[in-house]
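A short write-up of the structure that comes next.
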Protein chains: 2
Amino acid sequence: MAQTPTTPVRLKDIARDLNVSVMTVSKVVRNCADVGAETRSRVMARIKELNYQPNWVARSLAARRTFIIGLIVPDLMHSFFAEIAKGVSATIRPLGYDMVICNSEENSENEASEVDRLLARQVDGLLIASAQQPGETELFSRIDARGVPFVLIDRRFSESSAPYVGADDEAIGRMATKHLLDRGCRRIAHIAGPQLAPGSGRLKGYRETLAAAGIKLPDACVEHAKDDDTGYEAASRLLKLTPRPDAIFGYNDPTAAGAMKAILEAGIKIPEEIKVIGVGNVHYSDLLRVPLSTIDQSSASIGEQAADILIKSIGGKRRRTVKPVLIDPVLIARESTR
Amino acid sequence: MAQTPTTPVRLKDIARDLNVSVMTVSKVVRNCADVGAETRSRVMARIKELNYQPNWVARSLAARRTFIIGLIVPDLMHSFFAEIAKGVSATIRPLGYDMVICNSEENSENEASEVDRLLARQVDGLLIASAQQPGETELFSRIDARGVPFVLIDRRFSESSAPYVGADDEAIGRMATKHLLDRGCRRIAHIAGPQLAPGSGRLKGYRETLAAAGIKLPDACVEHAKDDDTGYEAASRLLKLTPRPDAIFGYNDPTAAGAMKAILEAGIKIPEEIKVIGVGNVHYSDLLRVPLSTIDQSSASIGEQAADILIKSIGGKRRRTVKPVLIDPVLIARESTR
DNA sequence: CTGAAAGCGCTAACAC
DNA sequence: GTGTTAGCGCTTTCAG
């Protein structure tokens, strides 16, 4: 069991055994073309035999490339970010990259120090769902100055020229609201999220759609949730309005689920008396007493596409400005808006 | 914005500027004691001025330590593992470690290749929620042979002498079952999970507790869920038994939530006619139509303690065998077992 | 096709 | 206290 640690095999060892130079072995390992067929197979044989594994730290230092990319998210527990992480990982792994994940805890200073750590580790690129204040792009300039490519995800900063990949939040807002209109609702309340890109985009889409339909609602029809857990209270307040809303659009699923809870507790029927829709298609939406209609934002796809753009700009020249990628939302209609 | 990439400052640059040796600067950076007070402050000043950041790749190569630990989980989307990851991260970050996360997709070969990658990256240690077949410990021996410390989490392999940290699954099974007994239930059905450590531990605890209470139930009272999403079907089958169960214990929350859905759809009342309990305390348990009672397994704490043991065995000598750490479960009683 | 020379940026060990 | 000598294990560059 606990045998004495084995010193890993090095290029040098193989070279010595075979009476060739370290260079030759290195070339075989990296699949360079300019190696004689016979030499190559002798080397390959020995490599298998000794189960040689390149030391990536040494390789990274010499090649000035780590094949590591950094991912910074505000909170891994949020299934949205976990799914992005999964999408990123699935995209980069086959290309030989690994990913180090950092949590900023939704705090801009943590984020900055994570960025510094990652840069010190010489990551080849960065993916950031940023917790910087809107408009605050000093951190991004710093990364730029280092010449390390990065892609912003989920939270957009139009002041930075960095590529951006995220859900199309305005489209989400429009889609949810339109769906509710199509179902015959007219007094559509909204529980809005924090004033970051996603929350305000969805709110904007909601307002536009109502306006386009010629519907005017009192300001009280929009509640603001600080937090994922405040859907319940927000909905409780909305239920006291007269006339009562006939629909509630929650800026994400937890909020909408909280709203559903408040509604059902008040003895009001979903979807007959109030329809409810959320955003995110979290995996339990379907398990709620009334399965929750939702807008799917294809989180995995956000991770995949962001990773894709990043990888390309790593290999490539100075990055040409990439147009923001807005992922199209998909409506998942379930019982709560039947 | 897109200014030309700046070459990072090196120890050498500072040394040259100040007419001291690279070593001296290195010592200041690492806070070694043996540096003159004045020299030190001159160096420090220049470090700030130039915003010097050590190159961790070079440092890792020279010091033969990366301060990176690898975490391998079957699925990041599972909030249980995401929470573990968060706990790990929170524990190691302040100590200067970073974490690279790999997904095995619940596949033993993926896991093995991830382990190899991580070893090639010279990680200082490994945390593994393993997808190896029960009893299959060849992979672990390989890691041992390399002398890299690792800690097993969630899935236990008693054949390996590696430290283990996980929930106390038998205690979980006992606690859930006992709670149901205390509530007056007698025909307690169980939806069991896959035959890995957690699933079978919970099943065992369930059986023991029933036996201790002198209750004998037909085999049909235990259904097996392949998958998190099969709670619904499993419960549907259980509901057809006569006499009908008066309680269902799901091996995790998604399963229990699926069961709740089936029960409510059948027009049966929770908790009056059937009580339901799950495991995991996922964050939405509370949002279900009937808030779900559950056993909390303190996932973050699993990550923290595992990371703790790992870090200690990195610094330390050959590891002394560590007793398995079983985290005590906590009962969260909600409406579904009132 | 093969290999020698020259590092990558940093640290360990030991002199001075 | 400070600096020297040697690398860590690999790749780049460029001769042969």
Side-chain angles (χ1 to χ4, degrees), chain A residues 5-44 46-47 50-68 96 119-124 146-147, chain B residues 5-44 46-47 50-68 96 119-124 146-147:
Chain A
T6 288
T7 312
V9 190
R10 295 155 308 170
L11 285 187
K12 192 198 292 187
D13 302 320
I14 298 184
R16 187 187 0 77
D17 294 357
L18 267 43
N19 264 316
V20 295
S21 78
V22 169
M23 252 344 291
T24 306
V25 184
S26 171
K27 280 175 178 163
V28 172
V29 170
R30 284 173 298 145
N31 256 304
C32 293
D34 58 347
V35 180
E38 198 224 313
T39 317
R40 148 168 273 117
S41 60
R42 277 179 46 207
V43 172
M44 299 259 282
R46 193 78 185 136
I47 283 178
L50 264 40
N51 185 29
Y52 168 76
Q53 303 283 126
N55 177 328
W56 271 89
V57 174
R59 174 177 281 189
S60 299
L61 181 61
R64 289 124 165 270
R65 254 186 104 171
T66 54
F67 281 84
I68 293 182
L119 291 178
R121 292 231 185 250
Q122 315 295 117
V123 294
D124 290 342
R146 266 281 242 123
Chain B
T6 289
T7 312
V9 191
R10 296 156 306 172
L11 284 189
K12 192 197 292 185
D13 301 319
I14 298 185
R16 186 185 2 78
D17 294 357
L18 266 42
N19 263 317
V20 294
S21 79
V22 170
M23 250 345 289
T24 307
V25 184
S26 170
K27 281 175 179 164
V28 172
V29 170
R30 284 174 298 145
N31 256 306
C32 293
D34 58 348
V35 181
E38 199 224 312
T39 316
R40 148 169 273 118
S41 60
R42 277 178 45 206
V43 173
M44 299 259 281
R46 193 80 185 132
I47 284 178
L50 264 38
N51 185 30
Y52 168 77
Q53 302 283 128
N55 177 327
W56 270 90
V57 174
R59 175 177 279 188
S60 299
L61 182 60
R64 288 123 167 274
R65 263 190 93 168
T66 54
F67 280 85
I68 292 182
L119 291 178
R121 291 232 185 251
Q122 316 294 117
V123 295
D124 289 342
R146 265 280 242 124

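Letters go in sequence order (proteins before strands), and every chain restarts at 1.
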Problem set entry | Side chain of A/Asp34 (C-beta onward), nearest among D/dG9, D/dG7, C/dT2 | C/dT2
Problem set entry | Protein-nucleotide distance (A/Arg10, atom CZ; D/dT11, atom P), rounded to Å | 14 Å
Exercise. C/dT2 C1' sits how many Å from A/Arg42 CZ, rounded?
Worked result: 13 Å
Problem set entry | Minimum-distance nucleotide to B/Ala62 side chain [options: D/dG9, C/dA12, C/dC10] | C/dC10
Exercise. Under 4.0 angstrom, heavy atoms only, what part of the nucleic acid is A/Thr39 near: base, sugar-phosphate, or nothing?
Worked result: sugar-phosphate
For this session: Write down the distance between CZ (B/Arg40) and C1' (D/dG1), rounded to a whole number of angstrom.
Result: 11 Å
Exercise. To the nearest Å, how far apart are A/Arg30 CZ and C/dG3 P?
Worked result: 14 Å
For this session: Please report the shortest heavy-atom distance between B/Ala120 and A/Pro54, naming the atom on each side.
Result: CB-O, 3.6 Å
Exercise. NA contact type, B/Asn55, heavy-atom cut-off 4.0 Å: base, sugar-phosphate, or nothing?
Worked result: sugar-phosphate
Seminar exercise, completed: CG of B/Asp34 to NZ of B/Lys27, rounded to nearest 0.5 Å, is 4.5 Å
Problem set entry | DNA chain C contacts made by residues 14-21 of chain B, counting heavy atoms under 4.0 Å | none
Exercise. Quick one: B/Gln122 CD to D/dG9 P, roughly how many Å, whole number?
Worked result: 9 Å
For this session: Working to the nearest 0.5 Å, report the span between CD of B/Gln53 and CZ of B/Arg10.
Result: 15.5 Å
Exercise. What's the spacing between B/Arg40 CZ and B/Cys32 SG if we round to 0.5 Å?
Worked result: 8.0 Å
Exercise. For A/Val35 and A/Thr24, which heavy atoms make the closest approach, and how far apart are they?
Worked result: CG1-CG2, 4.3 Å
For this session: Would you mind telling me which residue lines up with the more 5' stretch of DNA chain D, B/Met23 or A/Pro54, judged by nearest nucleotide?
Result: B/Met23
For this session: Would you indicate, yes or no, if C/dG9 has its OP1 or OP2 atom less than 4.0 angstrom from a side-chain nitrogen or oxygen of B/Arg59?
Result: no
For this session: Tell me what A/Val57 touches on the nucleic acid: a base, only sugar-phosphate, or nothing, going by heavy atoms under 4.0 Å.
Result: nothing
For this session: Return the value, rounded to whole Å, for the distance between atom NZ of A/Lys12 and atom C1' of D/dG7.
Result: 9 Å
Exercise. Is A/Tyr52 near enough to D/dC10 that one of its side-chain N or O atoms lies under 4.0 angstrom from OP1 or OP2?
Worked result: yes
Seminar exercise, completed: A/Arg65 CZ to D/dC10 P, in whole Å, measures 18 Å
Exercise. Is the phosphate of C/dT2, meaning OP1 or OP2, less than 4.0 Å from a side-chain N or O of A/Thr24?
Worked result: no
Problem set entry | Net bend of the helix from C/dC1-D/dG16 to C/dC16-D/dG1, end axes of five pairs each, nearest 10 degrees | 30°
Exercise. Looking at CG of B/Leu61 and CG of A/Asn55, how far apart are the two atoms once the value is rounded to the nearest 0.5 Å?
Worked result: 6.5 Å
Problem set entry | 5' precedence on DNA chain D between A/Val29 and B/Ala37 (nearest-nucleotide basis) | B/Ala37
Seminar exercise, completed: Closest heavy-atom pair, A/Arg121 versus A/Thr66, reported as atoms and distance to 0.1 Å, is O-CG2, 3.7 Å
Problem set entry | Pairwise distance CZ(B/Arg42) to CG(B/Asn19) - rounded to 0.5 angstrom | 7.5 Å
Exercise. Do any N or O atoms from the side chain of A/Asp124 and from the backbone of A/Phe67 form a donor-acceptor pair under 3.5 angstrom?
Worked result: yes
Exercise. Picking from D/dT11, D/dT2, C/dG9, which would you name as closest to the side chain of B/Ala58?
Worked result: C/dG9
Exercise. In whole angstrom, what separates A/Arg64's CZ from D/dT12's P?
Worked result: 10 Å
Problem set entry | Exam field: side chain B/Ser21 to backbone B/Met23, donor-acceptor pair closer than 3.5 Å | yes
